[in-house]
Amino acid sequence: MTVPLPDHALLRIAVDGPAVAAFTTRRGGVSAGPFASLNLGRSGGGDDPEAVFANRRAVCAAMGVDPGDAMMLTQVHGADVHRVAEGDTPRGRGVGTFDGWPEADALVCDRPGVLLAVLAADCVPVLLWHREHPRVGAVHAGWRGLVGGVVENAVAAVGDPGRLGAAVGPCIGPCHYPVSADVRDTFAGRFGDAVVRGEAVDLRAATRVALTTAGVSAAAITDAGGCTACHADVFYSHRASGGTTGRHAGLVVARG
Ligand SMILES: [Zn+2]
């Protein structure tokens with residue numbers, strides 16, 4: 001049986017189109033210890049798989065989706081986009097234990113009712129939706145993915161960027177993200193000097209530049225969640241935890 005999530009487990013996004021979008025927090029799930037409590041990831045190492053699968057089922061229920069219609073990825077910090085095709089979803093393949101997800105860092109889909117989920121714990125989860133048509137996307141963008149163009153690639157794959165809405169979810173802020181001079185220089189060259197803040201880079205600001213460069217209107221971008229390391233009680237933060245932690249998710253589903 002799936003225990004319903006409390007309302008504060010999800011940050012629901014106001015969507016101006018035929019889609020439902022949300023970011024999960026770490027609240028309201030069944031995982032324990034450093035993974036407490038709504039861990040949706042299997043890559044952090046050490047969490048009980050049954051707890052992760054119970055959390056995934058609870059999130060699907062909260063989004064009104066059968067777990068057999070939920071798509072995830074084997075995220076590799078690249079820039080590839082996976083377009084969901086007939087037969088990709090785990091329906092009929094043993095949802096509880098299914099882990100054979102495609103390798104990519106963005107999902108796009110034009111099939112109503114398929115939930116797209118990307119995982120993060122400091123990286124930027126980005127959600128995309130078309131304002132008129134049931135077309136959605138979900139992106140996992142760390143610094144490598146941002147530089148590689150995963151956000152622009154996902155916008156192009158959903159298509160019609162001037163008619164898209166976007167939500168940029170909880171991610172590590174420049175307050176907690178010092179990086180090497182090489183990475184700062186790469187970001188300045190790629191996204192402009194304004195995304196470099198002292199020793200740090202601002203992943204959220206770079207994501208916004210990537211979205212608008214790809215053609216998404218600045219007015220159509222919603223910010224949600226703040227800095228994961230500042231709010232490590234609400235979200236998972238790889239840096240704030242020292243590395244042993246869970247994953248929250250960005251979630252979007254098109255409605256027909
Ligand atoms: Zn911070």
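Computed from a predicted model, the values in this text were never measured in an experiment. One-based numbering, in listed order, for ligands and for the atoms of each.
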From the Zn ion (ligand 1) out to just under 2.8 Å, does an N/O/S atom of H231 turn up? no

Quick one: report the N, O or S atom of H176 that is nearest to the Zn ion (ligand 1). ND1

Could you walk me through whether R131 and D16 satisfy the salt bridge (charged side-chain N to carboxylate O under 4.0 Å, His left out) test, starting with their C-alpha distance in whole Å, then the side-chain angles of each, then the deciding distance to 0.1 Å, before giving a yes or no? CA-CA 6 Å; R131 291 208 198 87; D16 52 345; 2.9 Å; yes

State whether R91 and E86 are salt-bridged, where the test is any N-O pair (Lys NZ or Arg NE/NH1/NH2 against Asp/Glu carboxylate O) under 4.0 Å. no

C230 SG and C227 SG subtending at the Zn ion (ligand 1) (10° steps): 110°

Do D110 and R135 meet the salt-bridge criterion of a basic N to acidic O distance under 4.0 Å? no

Closer than 4.0 angstrom, basic N to acidic O: yes or no for D88 and R83? no

